[in-house]
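All remarks here apply to the structure that follows.
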Amino acid sequence: VFGREIIEVATFRANSDDGSGDREMENGMLVRDNVYGTIEDDAIRRDFTCNALYYAIEDFSVRDYTGGFEDVQARLMKLIGDPVQRYQEDPVRMLRAVRLAAKLGFQIEEGTAAPIPHLAGLLNEAAPARLFDEVLKLFLSGHGVASFEGLERYGLLDVLFPESAKALKANRTGALRRMLVEGLANTDARVANDEPVSPAFLFALLLWPAFCRAQATLLKQGVAPEEAQRRAADRVTVQQLSTIALPRRFSLPMQEIWLLQSRFSSRQRKRVFRTLTHPRFRAAFDFLSLRQVASSEHAADVEFWREAQAQSGRE
């Protein structure tokens, strides 16, 4: 601590343990890593070459031990070491590859990219709480569309959001995907404009295809519409929790955004007022506007509720 400044420091660490450190592997996965080493050792144990560059303050030089400088110039994300082994050590590196490539506008180097579709299932062994944090980094850092396309390209979306991935593949018109991409583009724009973004709205968007699919299945089974909505919302939430630890403070508002969608077809005066005063109305209306991107059948509802807000002074 220097006055009001906090400078973060880290000791150089090594990849191999001579018995003096604390390094533990379980089934090929690195669960503990605290073995001290040299700067050269530290460079080798980092994940990507572009992340293994060191700035030396004594002579203001950049020190490169892995070829990272050339990879940065070529705009390549390249793993250090054997890609299969590095992904097995920490499967979340696959998500980092996609996220950093999206953020930096890099391409994932061929050898680094090739194993990802085959090893994507290893993410199921990662802690759900850690995957929640990674999803927020992927989609709420201003590069959500590129991150989504990367997850889709390398088969990672099927693991992170399996039910939504199935629904997107089954949706022949592509309407659900258009809506999702539009929503992520809007989120990217809000981040760029330094406007607030909501994890609840993000997950409502990412899991909407799964919700639609579950609801349609229940309706075919003869379940009443309102009951089908509630059960679909609960089912999708529970299914997703097995992969990503979605806190209740986000899952409950997410479900409210979904369940409010059915109210937008009502024109009864009392119900209109109750909907307008609902604490989740604005997020639900924004979600309805996104649905219009997928289907023009919502245009009349969007126009009605926009006018209702104007007349009530809530716009």
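These numbers come from a predicted model, not from an experiment.
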- With a 4.5 Å heavy-atom cut-off, do Asp286 and Leu290 have their side chains touching?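 No, their side chains stay 4.5 Å or more apart.
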- Is there side-chain contact between Leu206 and Ser164, with heavy atoms separated by less than 4.5 Å?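 SC-SC contact between Leu206 and Ser164 ruled out.
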Are the side chain of [X] and the backbone N or O of [Y] linked by a donor-acceptor pair below 3.5 Å?
X      : Y      : answer
Tyr65  : Ile39  : no
Thr112 : Ile108 : no
Asp41  : Thr38  : yes
Gln261 : Ala284 : yes

- CZ-CD distance between Phe203 and Gln240, expressed to the nearest 0.5 angstrom: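 It comes to 7.0 Å.
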- Query: If you round to the nearest 0.5 Å, how far is CZ of Phe304 from OG of Ser265?
  - Reply: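 Going from OG on Ser265 over to CZ on Phe304, the span is 10.5 Å.
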- So among Asp71, Thr66, Leu79, which one has a side chain to side chain contact (heavy atoms under 4.5 Å, CB included) with Phe48?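 Answer to the side chain to side chain contact (heavy atoms under 4.5 Å, CB included) test with Phe48 among Asp71, Thr66, Leu79: Leu79.
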- Query: Given the side-chain rings of Phe211 and Trp258, with only the six-membered ring counted for Trp, is the space between their centroids under 6.0 Å?
  - Reply: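 Yes, ring centres under 6.0 Å apart.
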- Item | Within the 6.0 Å centroid threshold, strictly below: Phe264 and Phe287 |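 No, the ring of Phe264 stays outside the 6.0 Å limit from the ring of Phe287, centre to centre.
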- Residues that Arg75 engages under side chain to side chain contact (heavy atoms under 4.5 Å, CB included), provided they are two or more places apart: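 Arg75 satisfies side chain to side chain contact (heavy atoms under 4.5 Å, CB included) with Phe106 only.
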Any salt bridge linking [X] with [Y]? Criterion: basic side-chain nitrogen under 4.0 Å from a carboxylate oxygen.
X      : Y      : answer
Arg86  : Asp90  : no
Glu152 : Arg177 : yes
Arg267 : Glu307 : no

